[in-house]
Each structure stands twice: as structure tokens, then as C-alpha cells.
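Heads up: the structure comes next, in C-alpha cells.
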2 protein chains.
Amino acid sequence: MATGRTHRPATRSRGIPEATVARLPLYLRALTALSERSVPTVSSEELAAAAGVNSAKLRKDFSYLGSYGTRGVGYDVEYLVYQISRELGLTQDWPVVIVGIGNLGAALANYGGFASRGFRVAALIDADPAMAGKPVAGIPVQHTDELEKIIQDNGVSIGVIATPAGAAQQVCDRLVAAGVTSILNFAPTVLSVPDGVDVRKVDLSIELQILAFHEQRKAGEEAGNGAAQQAAAARSDAADQGPDGDVPAVMPA
Amino acid sequence: MATGRTHRPATRSRGIPEATVARLPLYLRALTALSERSVPTVSSEELAAAAGVNSAKLRKDFSYLGSYGTRGVGYDVEYLVYQISRELGLTQDWPVVIVGIGNLGAALANYGGFASRGFRVAALIDADPAMAGKPVAGIPVQHTDELEKIIQDNGVSIGVIATPAGAAQQVCDRLVAAGVTSILNFAPTVLSVPDGVDVRKVDLSIELQILAFHEQRKAGEEAGNGAAQQAAAARSDAADQGPDGDVPAVMPA
DNA sequence: CTCTGTGAATATCTTCACAGCA
DNA sequence: TGCTGTGAAGATATTCACAGAG
């Protein structure tokens with residue numbers, strides 16, 4: 001099955017574009033904050049500002065979910081929180097395992113945001129026998145030998161890989177064989193998985209390199225400008241994780 | 001405010017599309033691995049497989065950099081490593097500060113991939129006075145009061161924020177005021193920055209939510225199928241930022 | 001012949017701009 | 001009115017498919 005070329009048509013899962021799905025968590029976070037402040041409704045303009053996107057995009061995104069707003073008024077915060085949560089599948093509980101309990105794995109285990117939204121750390125797994133039984137974030141680390149059993153006993157379908165790069169593919173294979181179909185990969189490697197398994201990666205080094213690229217370009221273009229330029233407060237804001245506006249590129253003063 | 005309409009033409013930094021820039025680090029990693037194995041040349045097909053992308057995309061990406069390949073042969077590994085490194089600005093040294101030395105900050109400080117490619121941890125900064133002076137990853141933590149001085153003395157233009165969400169914007173403002181123009185944000189908040197400052201974010205919780213969305217859909221579509229995968233159903237795959245597709249691409253033995 | 005480089009065709013995403021409901 | 005919802009336009013990104021260099 002080497003050179004796949006199964007060429008799926010990119011298949012936006014149901015009818016919701018992938019780009020929209022990636023923004024839903026952002027909206028949800030902003031809405032949750034509003035909800036905690038007991039704000040009853042928001043306009044697309046306000047919510048968009050809070051989420052760091054433009055309002056037309058937000059409205060278009062919501063239009064894929066249905067018509068949950070009221071013209072002339074805005075969106076009901078609580079209702080929207082519920083709808084987005086449901087759409088994202090956060091109304092159910094997702095047991096997650098973290099494999100590789102080094103510095104990063106431990107940090108992830110301790111990360112509060114984990115538990116907050118439907119995700120529950122079902123187990124911590126590490127290959128080092130010395131770690132076995134040692135509690136991290138209140139959860140005892142288990143040995144890799146138990147991996148398959150843990151996955152099955154807990155009905156885990158989401159796995160987080162925080163091992164060194166060299167071990168990642170092997171761990172991945174075992175997770176998938178045991179039934180995991182979604183993987184969040186922190187190891188700096190490309191993982192091969194069968195069709196039907198989702199992989200997302202988080203890679204510090206790649207992010208820094210992308211920043212360096214733009215940084216270098218800034219230095220080159222402003223070619224003489226030294227330090228902090230208090231650009232007229234223009235306060236654009238970092239939108240998506242990816243393409244944020246930036247790029248002064250001969251800014252039109 | 002929001003509706004600035006400054007409408008810069010999206011300005012792909014020079015002429016290199018953002019999507020291509022985001023993949024260059026991936027290619028570079030694959031090439032570096034080949035280089036270490038002393039492989040002299042690669043075809044677009046092989047390199048694409050190693051990087052987890054399709055070969056047409058890779059060739060198109062490289063075409064933005066110039067014509068560095070040889071028809072009928074492939075690409076010279078060493079040469080390409082050099083060209084991509086230069087394009088990404090990795091031939092120079094980038095001092096980086098990490099602000100917020102909790103579990104995550106400490107993990108990042110210890111992360112090897114940091115130093116590997118032109119990035120150097122110039123300083124660790126934390127608001128907790130009790131942390132001051134304590135070495136993490138061999139680097140003594142300094143107090144937030146020193147932030148501006150550290151940035152200026154070291155000529156830092158890239159900052160990493162690993163503080164709690166509540167402190168992130170404030171830290172961000174100080175970094176920017178001190179001269180930082182690229183920020184990697186690990187805090188689960190949207191940061192506002194002036195024009196000309198790049199922000200990229202890494203957010204565990206968002207990634208998990210995106211996986212949950214697809215996971216839910218899988219469960220729904222296969223609707224009767226119990227455990228193991230092997231769904232014939234339509235497949236989406238890791239999209240967005242992690243454009244490693246399904247990519248079986250097993251090494252051609 | 002093989003494999004790059006690229007125009008052209010698609011597919012996807014973003015933004016505009018405005019009809020029309022509350 | 002004020003704001004949502006959305007067709008249509010515009011911008012990016014991906015993929016195809018093949019001319020042509022080596």
C-alpha cells in the first residue's frame with residue numbers, strides 16, 4: 001500500500017469546511033468567556049473581535065451550522081455554546097491517553113485545559129520501567145506493555161504522542177492497532193497511518209522556523225529601521241494560527 | 001475599529017505563498033535526515049513521501065524558491081538543505097526568550113529541537129520571585145522585571161509565551177514594546193498585537209477539539225460498526241496546519 | 001527515457017455587499 | 001432600523017498533466 005494516492009476529495013467532513021471546524025473551538029472559547037460573564041447575546045462583530053477573526057467569516061462559519069442568530073439582535077450565547085459544543089462532539093466524554101511522560105508529556109498531563117472540555121486523561125504511558133507506578137498529575141504512569149489493554153479497557157479513541165521522535169511511529173502503530181483513530185503528535189516526525197485515522201501535529205520547531213522566515217523578511221525590507229516601532233496602535237490582531245495578516249511590506253503610511 | 005479594511009493584498013511575503021512557507025520546515029527535516037544518511041540526491045517523489053506530502057505540491061513549492069533540481073535526476077540534498085535553510089533564515093542565530101516557566105515552559109526550555117536549528121534560548125523569564133535564579137535546563141530563570149532589559153541586551157526578536165492565559169496579553173504587550181516582533185503563543189488566548197508583529201499559536205485544547213469533531217463524525221457515519229477501523233467510508237485527514245495527509249508512503253525498500 | 005518545472009484546471013477559503021427578517 | 005445570512009467575487013491552495021531539459 002505504499003504510494004497511496006487514494007486521493008480523497010478532501011472531504012469536508014459533513015458539509016462543514018475544515019477551515020471552519022478549526023475555528024469553532026476559538027468561537028467556543030470566546031463564547032464560554034461571555035457566558036461566564038453572564039452576557040446574554042453577542043453580535044457577530046463583537047464575537048468576531050473576541051475570537052480574532054473578521055465578522056463576515058464568523059457569520060459564514062455559523063451559517064454552516066444552521067441559522068442560530070436573530071437578525072437585528074445577534075446570537076444567544078448559551079444556545080450557541082451548546083450548538084458548537086454538540087457539533088464538536090464535546091457533549092460526550094473523550095478518554096485520552098498520553099504516551100511518553102517526559103518533560104512534555106508531564107506538562108501535558110498537568111495541563112488544565114485538558115479536562116475542561118470533555119477530555120479526560122484516562123492513562124499515562126511510558127516505556128521506562130522506572131516510571132511505572134509513579135504518579136504524574138495524580139495519575140500513575142503505566143508501562144508500555146499495558147498499552148493495548150489500556151486502550152481497550154477504556155475505550156480510548158484519541159491518543160497523544162509525546163515520545164522522542166524515534167519511538168513515535170512505533171507507538172503510533174500500536175495505538176492504531178489497538179483501536180485509536182485520532183492522534184495528536186508532538187514528536188517531530190511525520191507519522192504514517194492507515195486511512196481512517198486522523199493525525200494532527202504540534203511542532204514547536206516548525207512554528208519557530210515559520211516565524212524566523214517572516215522575521216528575516218521584516219529585517220530585510222525595513223532595512224534600516226532599528227528597534228520597536230510603535231505602529232500607530234493599529235491593533236490588528238493575530239487571527240488564525242496560520243496566516244495572520246502581518247507583512248508590513250512597504251506599509252502605506 | 002475592527003473593520004480596518006486596510007486590505008493589504010495578503011502579500012505572500014516575497015512571492016512565496018504562506019502555505020509553502022509552512023511546509024519548508026517539513027522538507028528541511030526530511031532532507032536533513034537524508035543528509036545524515038549521506039544520501040546525495042532525492043527525487044521529488046521520494047522526498048515528498050518522506051515529508052508526507054504529494055510530489056506535485058513539493059515540486060511547485062520548490063519552484064517558488066528557484067530551479068534547484070536536475071531533470072531526470074532529482075535534487076541535490078546538501079544544496080537543497082542550504083537553500084531552504086537560507087530561505088527560512090536559519091543561517092543566522094535567533095535568540096529566543098521563553099516567558100512563563102511552569103510545567104510547559106520548562107518542557108520547552110528542555111526541548112532539544114530548540115537549539116538544533118538556529119534558535120538559542122537567550123533567557124527564561126517568570127513572574128514568580130521564588131523561581132528567580134533557579135536553573136531550568138541549565139539556564140537561570142530571571143524575574144519579569146528584567147524583561148525589557150533582557151530583550152534589548154540580547155537583541156531578541158522572537159518570544160515564546162507559556163504563561164497562564166490571564167497573563168498572556170500583558171506579557172505580549174511588554175514583549176512587543178521591548179522590540180519583539182514574532183511571538184509563539186502557547187497560552188489559550190487570542191493575542192492582540194500591532195501591525196507588523198507576527199503571532200503563531202499552539203493550542204492543545206483546540207487540536208483535541210478538532211480531532212473530537214472528526215472522531216464523532218466517524219462514529220456517526222459507521223453507525224453500526226463497533227470497534228476497529230477499516231472504514232470504507234469517506235475519509236478526511238489531518239488537514240490544516242499539519243498537512244501530513246494519510247500518507248502511507250512506506251519507505252521503498 | 002526519467003523526472004523537473006509549470007501552465008491550466010480545480011478546489012477551497014475569504015471577503016464583499018446587500019437582501020431581507022426581527 | 002440593525003444585524004444576520006448568503007450569493008457572488010476574489011484570493012489562495014492543490015492537483016493535473018505534459019513540455020522539455022538532462
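Side-chain atoms are counted along with the backbone in the values below, which use heavy atoms only and exclude waters and symmetry mates. Quick note on labels: first sequence line is chain A, next is B, and so on, each numbered from 1. In this text, all values refer to a predicted model and were calculated from it rather than measured experimentally.
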### Side-chain heavy atoms of L31(B) within contact of Y75(B), under 4.5 Å
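Result no, sub-4.5 Å side-chain heavy-atom pair not found.
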
Distance in angstrom units between [X] [atom1] and [N] [atom2], rounded:
| X | N | atom1 | atom2 | result |
| --- | --- | --- | --- | --- |
| N54(B) | dA13(D) | CG | P | 16 Å |
| R59(A) | dT14(C) | CZ | C1' | 13 Å |
| D61(B) | dT14(D) | CG | P | 7 Å |
| Y79(A) | dT4(D) | OH | C1' | 15 Å |
| L65(A) | dT6(D) | CG | C1' | 15 Å |
| I16(A) | dC13(C) | CD1 | P | 12 Å |
| K57(B) | dG5(C) | NZ | P | 18 Å |
| Y64(B) | dG5(C) | OH | P | 14 Å |

Dump the pairs, protein N or O against N or O of nucleotides 7-9 of chain C, anything under 3.5 Å, distances to one decimal.
from: dG7(C); atom 1: N7; to: K60(B); atom 2: NZ; distance (Å): 3.4
from: dG7(C); atom 1: O6; to: K60(B); atom 2: NZ; distance (Å): 3.4

### Message
Expected output is a numbered-order residue list: members of residues 70-77 of chain A with a heavy atom under 4.0 Å from any atom of DNA chain C. What is it?
### Response
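Heavy-atom cutoff 4.0 Å gives T70(A), R71(A).
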
### salt bridge (charged side-chain N to carboxylate O under 4.0 Å, His left out) partners for E215(A), two or more places apart
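Counting only residues at least two positions away or on another chain, E215(A) forms a salt bridge (charged side-chain N to carboxylate O under 4.0 Å, His left out) with K218(A).
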
### Task
Report the nucleotide, chosen from dG5(C), dA13(D), dC13(C), that has the shortest atom-to-atom distance to any side-chain atom of S63(B).
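For S63(B), the side-chain atoms sit closest to dG5(C).
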
#### Entry: Qualifying salt bridge (Lys or Arg N to Asp or Glu O under 4.0 Å) pairs with a residue from residues 167-177 of chain A, counting only residues at least two apart or across chains
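Output for this query lists E148(A)-R174(A).
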
### Task
Name all pairs fulfilling the salt bridge (Lys or Arg N to Asp or Glu O under 4.0 Å) condition that reach into residues 26-41 of chain A, sequence neighbours left out, sorted by first residue then second.
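Pairs touching residues 26-41 of chain A that pass the test: R29(A)-D203(B).
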
### Task
Cation-pi check, R217(A) to F213(A): give yes when NZ or CZ is under 6.0 Å from the six-membered ring centre and within 45° of the ring axis, no otherwise.
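Output yes; distance and angle both within limits.
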
### Task
Please collect all ring-ring contact (aromatic ring centres under 6.0 Å, His included) contacts where either partner lies in residues 29-52 of chain B, sequence neighbours excluded, each pair once.
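Sorted pair list comes back empty.
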
### Query
Taking everything shown except Q92(A) itself, do over 12 heavy atoms lie less than 6.0 Å from its CD?
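Above 12, so yes.
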
### Query
Taking the six-membered ring for Trp, are the ring centroids of Y68(B) and Y79(B) within less than 6.0 Å of each other?
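Yes - the distance between ring centres of Y68(B) and Y79(B) falls below the 6.0 Å cut-off.
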
### Message
Tell me whether the side-chain N/O atoms of S44(A) come closer than 4.0 Å to OP1 or OP2 in dT4(D).
### Response
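Looking at the OP1 and OP2 atoms of dT4(D), one of them is under 4.0 Å from a side-chain N or O of S44(A).
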
### Message
Determine whether a donor-acceptor pair (N or O, by modelled atom type, separation under 3.5 Å) exists between the side chain of Q216(B) and the backbone of E87(A).
### Response
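Looks like yes, one N/O pair under 3.5 Å.
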
